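Keep in mind the model is a prediction, meaning the values are calculated, not measured.
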Amino acid sequence: MTEPLPPQYEPKSVEAPLYQWWRDHRRFGPRGRGEPYVIMMPPPNVTAQLHMGHGLNLSIQDVMIRFERMRGRDAVWVPGTDHAGIATQNVVEKLLAKEGLTRFDVGRPAFEERVRGYVAETGTTILEQIRSLGASCDWDRTYYTFSDDLSRAVREVFVSLFDQGLIYRGKYIINWCPRCLTALSNEEAEKEETDGKIWRLRYPLDDGSGEVVVATTRPETMLGDTGVAVHPDDDRYRDLIGRAVRLPLVGRLIPIVADSAVDPAFGTGAVKLTPAHDPLDFEIAKRHGLEAIDVMTPDARISDAAPERFRGLDRFEARKRVVAELEAGGLLVGVDAHRHAVGHCYRCDTVVEPRYSDQWFVKMAPLAAPALDAYRNGTLTFVPERRGVEYAQWLEGIRDWCISRQIWWGHRIPVWYCDDSACGAMTASRTDLDRCPACGGAARQDEDVLDTWFSSQLVPFSSLGWPDATGDLARYYPGHALVTAPEILFFWVARMIMAGLEFRAAVPFTTIYLHGTVRDTQHRKMSKSLGNGIDPLDVVDRYGADALRFTVIGGLAVGTDVILDPADLDTSFASGRNFANKLWNMGRFILSNLDGPVRPLAGNFANVVGRDELALGDRWIIARCDAAVREATEAFEKLRLNDAANAVYRFLWNDLADWYLEAIKPRLYGDVPGGDVARAVVVQTFDVALRLLHPVMPFITETLWKRLPGRPDDATIMVAPWPRPDHRATDQAAVDEFGALQDIIGAIRSIRAEYNVQPGQSIRATLSRCGPNVIAALRQQQPTIERLAKLSGLIVTEADPAGAPTGASAVLTDGTSLTVPLGDLIDVAKECTRLGQEIARLHAAIGNQEKKLGNEQFVSRAPAEVVEKEREKLASWRDQATVLEGKRALLGCPP
RNA sequence: GGGCGAAUAGCUCAGCUGGUUCAGAGCGCCUGCCUUACACGCAGGAUGUCGGGGGUUCGAAUCCCUCUUCGCCCACCA
């Protein structure tokens with residue numbers, strides 16, 4: 001690794017050897033050292049390749065991990081799991097396509113084996129992809145839905161909850177996806193505001209003496225009506241309670257019941273009851289002993305329970321047909337537009353059908369209570385904070401969790417039923433059964449599988465060897481942070497917390513960092529189906545992992561979305577790409593100028609090189625570097641990763657590269673003495689900056705850092721100590737003096753540009769009215785000023801600029817007067833205008849300031865400090881204006 | 001319908017506890033430079049009634065109210 005750096009920054013040639021080296025050395029970080037710091041790895045999508053969301057997620061996590069490791073903690077990733085939701089569905093569909101199968105070709109156990117194999121295969125690839133982003137995960141196994149550990153844990157948990165009576169089975173209205181042919185949890189049925197209609201239907205009384213008008217948004221369900229409900233206090237219907245109506249189209253006689261769940265103000269105040277297809281109807285019907293008639297097949301066609309002419313019709317077809325027939329029969333009173341929330345399947349977006357069905361549930365209230373406490377007592381920290389409110393609200397209103405699914409992959413429910421109907425025992429078991437434990441007869445396992453999140457919620461401990469409580473579990477549980485997208489706050493995060501509290505008596509992590517979504521310029525979520533995605537590996541290929549990481553981290557305020565333009569990668573990733581290149585070239589420049597002796601600095605910036613040997617620029621860059629250490633450290637600690645990244649960026653580019661490196665060139669080249677000190681300082685500050693930046697840009701920083709002098713071959717920045725602030729570096733005088741120098745150089749450069757002075761053309765400048773205390777300092781910096789402002793000569797004088805030659809001029813904030821004689825380049829009229837504008841600007845500011853200070857209220861009420869500062873400002877501006885007016889007079893400008 | 005955010009340069013966004021980094025950054029734009037680390041660069045520059053209106057305050061991009069517009073979460077009013 002000691003060959004000279006290639007002149008061109010080539011991401012691949014930087015990343016490939018390091019990646020290999022990290023892997024060979026298994027040196028991503030310490031193991032078993034210090035206090036552990038654990039980040040839960042969210043589900044990597046094993047279906048094909050990472051998407052930009054993963055790129056973002058992995059970058060954030062890796063920054064946190066690397067930061068902690070450098071601070072001496074044993075930071076690890078706990079492998080997450082691929083869940084059987086959208087991701088595994090994709091896996092399965094790919095597998096089916098690959099093997100030319102249809103979903104019904106395969107028996108469950110055999111099929112699970114194949115899924116398992118495929119996942120293991122692609123999982124390895126995904127690991128490689130994850131690492132190519134620079135992610136320092138040092139685990140080498142995949143942990144997926146069908147791993148044996150997880151299967152064991154699932155049974156353990158299921159049986160435990162079952163034995164406590166927290167899992168039960170029953171017939172309830174659940175959300176049903178007619179396309180996936182399975183039950184869904186409430187969370188999986190995504191509500192979407194939809195413009196629909198509400199129909200008012202006429203139901204005649206059985207004796208023809210009148211009618212009830214009911215309102216419905218799903219008229220087709222009337223085929224399954226078994227009653228009509230009204231509010232008991234509703235005067236309009238009081239007399240009808242207990243009577244019966246003749247259900248149109250079907251002819252069934254159904255009762256009118258009174259129930260306070262009915263809102264008399266909504267619709268017509270009368271609700272048709274379809275207990276098999278609506279949760280509220282179901283509740284009401286249960287209270288009144290009404291039958292539930294399921295009029296739909298699993299794929300949402302009208303079933304045999306309905307009159308023959310409707311059978312087999314799709315639900316939406318049936319809706320039209322029912323409405324048409326009612327209208328024809330004069331039974332349609334009216335129809336209104338109605339906006340309401342309709343559930344959609346989160347996997348396939350099909351409209352969910354509420355369906356009466358026999359399913360398994362988890363009783364959530366007892367599990368939710370401790371999880372809510374953990375938030376309220378401050379154990380859990382959400383970043384950003386407001387997500388905690390969502391978390392709490394969800395837990396407060398939590399409903400029982402439907403965990404059974406009728407899909408053809410997943411963990412089977414570990415319950416066995418006795419074949420003998422006389423026995424009828426139902427047994428939950430950790431091991432497979434073939435006989436009924438009660439009567440010894442044949443037993444068969446429940447056909448349904450568990451909601452994927454039932455297993456996913458166990459990952460924080462199941463992946464650490466649970467139920468074995470020693471080893472990794474003892475060391476790494478409870479963990480610390482989870483970084484994920486807010487979409488799965490309820491699906492996954494909340495449930496992991498509940499499961500952790502229930503089975504390990506501790507929350508699995510205390511910090512929950514919820515990052516934003518990656519979107520395109522139209523603010524649409526990036527997705528494969530829309531084709532607006534950015535493949536992070538493509539970005540890595542073009543610009544490098546460091547550029548990708550810097551772009552997303554630097555442009556990411558906590559909890560906000562990241563907007564990237566898939567059509568213009570060059571622009572989207574420009575900040576990271578440019579910075580990577582800049583850093584590379586800074587490294588090349590510094591490393592190629594270390595030929596002379598480099599004296600080490602002890603500690604961060606201390607004094608093997610004596611303080612009196614340091615030049616102003618040295619003291620300044622050391623102070624700036626120390627400030628960057630403080631800023632970056634604080635920002636990382638607060639998880640304000642963008643602030644941290646940008647703080648280091650500013651230090652490296654705006655301070656180190658733009659000013660310090662330029663300032664020390666003569667010393668480095670040996671034109672002036674002090675090269676060894678300059679080398680010591682530049683190595684030291686660059687080293688510190690590389691370490692600060694390493695969490696964000698691991699590859700370039702490692703590559704450059706390893707080549708700094710005095711590094712053993714196997715040294716790695718990954719475990720280099722995190723820079724600490726050093727009070728000895730603080731040097732306000734140097735910051736002020738160097739700042740003045742920057743102002744002077746800036747003013748001269750402005751004049752050069754203003755008058756189009758060609759770079760080759762040498763000019764002179766005069767600084768006058770310098771205070772006696774700064775004049776010595778300025779004279780010392782004269783060569784630096786001349787160099788950076790491209791002057792052929794600089795006169796520094798205490799005198800007033802009286803009699804100064806004609807030239808362009810400016811005044812600095814401390815009242816120093818700058819004059820640049822330009823000979824025939826000068827345009828007196830232009831200069832007069834320029835000065836006039838500047839003076840006008842100052843007068844305006846002076847006017848405002850006088851008004852402000854003339855305000856008795858301000859002077860008496862504002863803190864003395866503030867008032868004093870404002871006075872100083874005013875004095876300085878007046879002084880500047882006076883100087884400029886003098887210059888104007890000298891030029892003979894018209895007043 | 002309930003809860004919560006956001007609106008700042010052409011674009012994407014910082015601006016944390018009201019007052020010296022208060023109007024900023026990156027990209028884009030304009031002018032001049034291939035200055036031997038870097039043209040993915042250097043130097044200089046332009047651009048904003050900080051969404052509208054009101055209030056609190058000596059002082060508001062920042063705090064309060066209100067309106068407008070977007071967004072997120074939740075919700076069995078059929």
Side-chain angles (χ1 to χ4, degrees), chain A residues 5 7-9 173 186 191 198 214-218 221 229 261-263 265-274 278-284 338 340-341 343 354 384 386-387 389-391 393-394 397 486-487 489-490 517 521 523 543 547 551 554-557 559-565 568 570-593 638 640 642-643 646 649-650 657-658 661-662 665 669 746 749-754 756-760 788-790 852 855-863 865-867 869-870 872-873:
Chain A
L5 291 173
Q8 213 65 46
Y9 168 56
I173 298 286
N186 295 321
K191 289 298 161 77
I198 186 162
V214 298
T216 180
T217 54
R218 293 184 298 151
T221 61
V262 178
D263 176 1
F266 188 86
T268 61
V271 184
K272 60 186 257 330
L273 297 175
T274 320
D278 184 277
L280 180 67
D281 293 4
F282 175 76
E283 292 301 323
I284 296 174
H338 182 58
H340 60 139
R386 65 192 150 85
R387 296 290 180 182
V389 177
E390 285 173 19
Y391 169 84
Q393 282 173 351
W394 182 73
E487 292 103 274
L489 179 58
F490 307 135
T517 309
T521 44
H523 295 201
Y543 314 119
T551 301
L556 170 89
T560 60
D561 287 347
V562 177
I563 314 287
L564 294 170
D565 185 356
D568 190 357
D570 254 5
T571 297
S572 295
F573 294 93
S575 63
R577 181 200 57 180
N578 295 356
F579 184 44
N581 188 252
K582 183 73 179 179
L583 187 58
W584 179 259
N585 282 296
M586 288 175 71
R588 261 191 345 119
F589 175 72
I590 291 168
L591 291 169
S592 64
N593 279 293
K638 287 185 182 163
R640 298 179 65 102
N642 59 329
D643 285 351
N646 290 319
Y649 173 98
R650 282 193 301 271
D658 287 350
L661 292 184
E662 292 304 328
K665 273 177 178 172
Y669 296 157
R749 283 171 174 172
S750 284
I751 288 171
R752 288 194 78 108
E754 191 84 23
N756 270 322
V757 180
Q758 292 304 301
L788 296 185
K790 295 182 196 287
K852 192 176 196 178
N855 182 345
E856 192 47 46
Q857 301 275 31
F858 171 68
V859 178
S860 59
R861 296 213 203 179
E865 252 181 47
V866 173
V867 175
K869 275 184 182 165
E870 296 300 319
E872 281 170 19
K873 260 196 247 178

* Could you give the distance separating A46(B) and A25(B) at their P atoms, to the nearest angstrom? => 12 Å
Under 3.5 Å between N/O atoms: give me all the protein pairs with nucleotides 44-49 of chain B, atom names plus distance.
residue, atom, partner, partner atom, Å
G44(B), O3', S750(A), OG, 3.2
G45(B), OP1, S750(A), OG, 3.2

* With a 4.0 Å cut-off on heavy atoms, is A547(A) in touch with a base, just the backbone sugar-phosphate, or nothing at all? -> nothing
* Sticking with atom P, work out how far C64(B) lies from A7(B), rounded to a whole angstrom. => 13 Å
* Structure fact -> Out of C13(B), C38(B), C42(B), minimum distance to the side chain of D658(A) belongs to C42(B)
* Asked: CG/D278(A) to CD/E283(A) distance, rounded to the nearest 0.5 angstrom?
  -> 10.0 Å
* Phosphate OP1/OP2 of C42(B): any K582(A) side-chain N/O under 4.0 Å -> yes
* Structure fact -> Between W394(A) and F490(A), the two heavy atoms sitting closest are CB-CE2, 3.3 Å
* To do: Taking only the side-chain nitrogens and oxygens of Y669(A), find out if one of them lies under 4.0 Å from OP1 or OP2 of A37(B).
  => yes
* Contact under 4.0 Å: N578(A) side-chain N or O vs C27(B) OP1/OP2 -> yes
* NZ/K638(A) to CG/D643(A) distance, rounded to the nearest 0.5 angstrom? -> 8.5 Å
* Gap in Å between the two P atoms, one belonging to C65(B) and one to A75(B), rounded -> 27 Å
Pairwise N/O distances under 3.5 Å, protein to nucleotides 76-78 of chain B:
residue, atom, partner, partner atom, Å
C76(B), OP1, R399(A), NH1, 2.7
C76(B), OP1, R399(A), NH2, 3.2
C77(B), O2, D263(A), OD2, 2.5
C77(B), N3, D263(A), OD2, 2.9
A78(B), OP2, H338(A), NE2, 3.4
A78(B), O2', A215(A), O, 3.1
A78(B), N6, D263(A), O, 2.6
A78(B), N6, F266(A), O, 3.1
A78(B), N1, D263(A), N, 3.2

* Asked: If you look at every strand shown and take non-hydrogen atoms under 4.0 Å, does R752(A) touch a base, only sugar-phosphate, or nothing?
  -> nothing
* **Heavy-atom donor-acceptor pair, Q8(A) side-chain to A37(B) base, under 3.5 Å** => no
* Asked: Please give, in whole Å, the distance from G71(B) C1' to E390(A) CD?
  -> 12 Å
* Of all the choices, U35(B), G32(B), C72(B), which nucleotide is nearest to the side chain of R387(A) once you look at every atom? -> C72(B)
* Can you name the residues that form a salt bridge (Lys or Arg N to Asp or Glu O under 4.0 Å) with D565(A), not counting sequence neighbours? -> none
* **Over-ring placement of K665(A) relative to F589(A), 6.0 Å and 45° cut-offs** => yes
* Given the rule in the side chain to side chain contact (heavy atoms under 4.5 Å, CB included) test, do V867(A) and F858(A) qualify, once you have shown the distances and angles that lead to the verdict? -> CA-CA 8 Å; V867(A) 175; F858(A) 171 68; 4.2 Å; yes
